[in-house]
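Heads up, the thing below is written out as structure tokens.
We count residues from 1, following the sequence as given.
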Amino acid sequence: MDDGRQLDLFGWDQVKVGEGFSALGRLDLPRAFVIFEAVLSRWPGHPGASAGLAMAASWDDALRETERLERREAAAKLWGRIKSYPFGQWGQAFRKGLIQRVIALLEGDCHLYVPPDLCLGRLLLELEDHGRAEEALRALLGRHLLGARILVCLGNCLFQQGRTGEARVVYARALLAAPWEVEPEGIDDKELSEAIADQDIYSAAIWGWLRGVLPLVDVKVGMPHDGKHAGSLQVYQAVRGAERARANGAHEEMVDQRRLLRQLAPAVFLAYMGRLS
């Protein structure tokens, strides 16, 4: 290959492909089609242009369809597709552009929540706008009694701001409120996710504390989800009661709570006594 042709291959095509993905990031799909097709007409099978053209084609119909839907339905449909689509390294600007579209559809309503996890705060977190994400998530949680997914979002938001202690309080509450909704791999605090990875998720809050990662927090849960949830809350309350009594010098109460803990969960009791020693 002569030098001019080599310069073309590693110059013009890369610039144009970059322009194509920039157009995708602006959601200017017609422009992206023109650019990627121009590259492919000159270099058939070009990997970057092929990927970009396939991405544009895949989303063209989806975006047109949402224009015919009511805003909330359109936002939910787009967000569901965004979560399942493999954007790859080249498509991250496009992903952010699509998230911005969903945010626009929500019209700044931080109280709008579409299960399982569509809300303004979650979208802002995806864009790494941590301050606004925290504000929106707290506003949402202040108005609605929601499950663990939104609490984990808030925990991740705090963790990404370097506020690990605050984040772990929120993670603990999520694991107590609705443990079955928590996926350890979705927790940004990897020390925590690794600490509870080998545990039944229902018991993760207490094992996180036993392993020195989570704090003991107030148990503010309404009706337990099922018997397993009720049992895990009983164990947690027994440990918390024993620790509160120990801190207050209430020896008899402490002994009673430890005896209860041994009856409820012998393995937790042994780990608890081992931690104290």
Which heavy atom in [X] sits nearest to a heavy atom in [Y], and how many Å separate them?
| X | Y | answer |
| --- | --- | --- |
| Cys157 | Ala133 | SG-CB, 3.9 Å |
| Leu261 | Phe269 | CD2-CA, 3.9 Å |
| Ala195 | Val213 | CB-CG2, 3.9 Å |
| Leu175 | Ala205 | CB-CB, 4.0 Å |
| Cys110 | Ala139 | SG-CB, 3.7 Å |
| Gly274 | Ser277 | O-OG, 2.9 Å |

Inset, instruction - Report the C-alpha separation of Ile196 and Ile187 in whole Å, then their side-chain angles, then the decisive distance to 0.1 Å, and conclude whether the side-chain contact (heavy atoms from CB on, under 4.5 Å) test is met. - result: CA-CA 11 Å; Ile196 65 175; Ile187 295 174; 4.3 Å; yes
How about [X] and [Y]: do any of their side-chain heavy atoms sit closer than 4.5 Å?
| X | Y | result |
| --- | --- | --- |
| Glu191 | Arg168 | yes |
| Val114 | Cys119 | no |
| His229 | Trp180 | yes |
| Val39 | Trp12 | yes |
| Trp90 | Val17 | yes |
| Gln160 | Asp189 | no |
| Val268 | Ser203 | no |
| Leu78 | Leu63 | yes |

Would [X] end up clustered with [Y] when hydrophobic side chains under 4.5 Å apart are linked, directly or stepwise?
| X | Y | result |
| --- | --- | --- |
| Leu127 | Ile82 | yes |
| Trp207 | Tyr202 | no |
| Val182 | Leu233 | no |
| Leu192 | Val239 | no |
| Leu216 | Leu264 | yes |

Separation between [atom1] of [X] and [atom2] of [Y], rounded to the nearest 0.5 Å:
| X | Y | atom1 | atom2 | value |
| --- | --- | --- | --- | --- |
| Met55 | Ser50 | CE | OG | 12.0 Å |
| Glu65 | Asp60 | CD | CG | 12.0 Å |
| Arg240 | Trp209 | CZ | CH2 | 11.5 Å |
| Leu141 | Arg173 | CG | CZ | 11.0 Å |
| Met254 | Arg246 | CE | CZ | 8.0 Å |
| His46 | Lys16 | NE2 | NZ | 12.5 Å |

Inset, instruction - Please test Leu98 against Trp79 for side-chain contact (heavy atoms from CB on, under 4.5 Å), starting from the C-alpha separation and ending with a verdict. - result: CA-CA 8 Å; Leu98 289 166; Trp79 177 233; over 6 Å; no
[X] and [Y] ion-paired at < 4.0 Å:
| X | Y | answer |
| --- | --- | --- |
| Arg149 | Asp117 | no |
| Glu107 | Arg72 | no |
| Glu126 | Arg95 | yes |
| Arg211 | Asp198 | yes |
| Asp200 | Lys228 | yes |

Inset, instruction - Taking atom CD of Glu70 as the centre, report whether more than 12 heavy atoms of other residues, nucleotides or ligands fall under 6.0 Å from it. - result: yes
Inset, instruction - For Arg275, look at atom CZ and say whether over 12 heavy atoms of other residues, nucleotides or ligands are found less than 6.0 Å away. - result: yes
Inset, instruction - Using the test salt bridge (Lys or Arg N to Asp or Glu O under 4.0 Å), find all partners of Asp188 that sit at least two apart in sequence or belong to another chain. - result: none
Inset, instruction - Apply side-chain contact (heavy atoms from CB on, under 4.5 Å) to the pair Arg122 and Val152, showing each step before the final yes or no. - result: CA-CA 10 Å; Arg122 170 66 191 273; Val152 169; over 6 Å; no
Legend entry - Candidate pair Met273 and Arg262, rule side-chain contact (heavy atoms from CB on, under 4.5 Å), full reasoning: CA-CA 10 Å; Met273 297 307 293; Arg262 183 171 57 188; over 6 Å; no
Judged by atom type as modelled, is there a donor-acceptor pair below 3.5 Å linking the side chain of [X] to the main-chain atoms of [Y]?
| X | Y | value |
| --- | --- | --- |
| Asn248 | Ala250 | no |
| Glu181 | Ala148 | yes |
| Glu183 | Gly186 | no |

Legend entry - cation_pi(Arg64, Trp59) dist<6.0 Å, angle<=45: no
Inset, instruction - State, without any angle test, whether Ser22 and Arg31 hold a side-chain donor-acceptor pair at a distance under 3.5 Å. - result: no
Inset, instruction - Evaluate the side-chain hydrogen bond (donor to acceptor under 3.5 Å, both in side chains) criterion for residues Gln161 and Glu134: first the C-alpha distance (whole Å), next the side-chain angles of each, then the deciding distance (0.1 Å), finally the verdict. - result: CA-CA 10 Å; Gln161 295 177 76; Glu134 179 186 351; 3.2 Å; yes
Inset, instruction - Determine, using ring centers only, whether Phe87 and Phe21 are less than 6.0 Å apart. - result: no
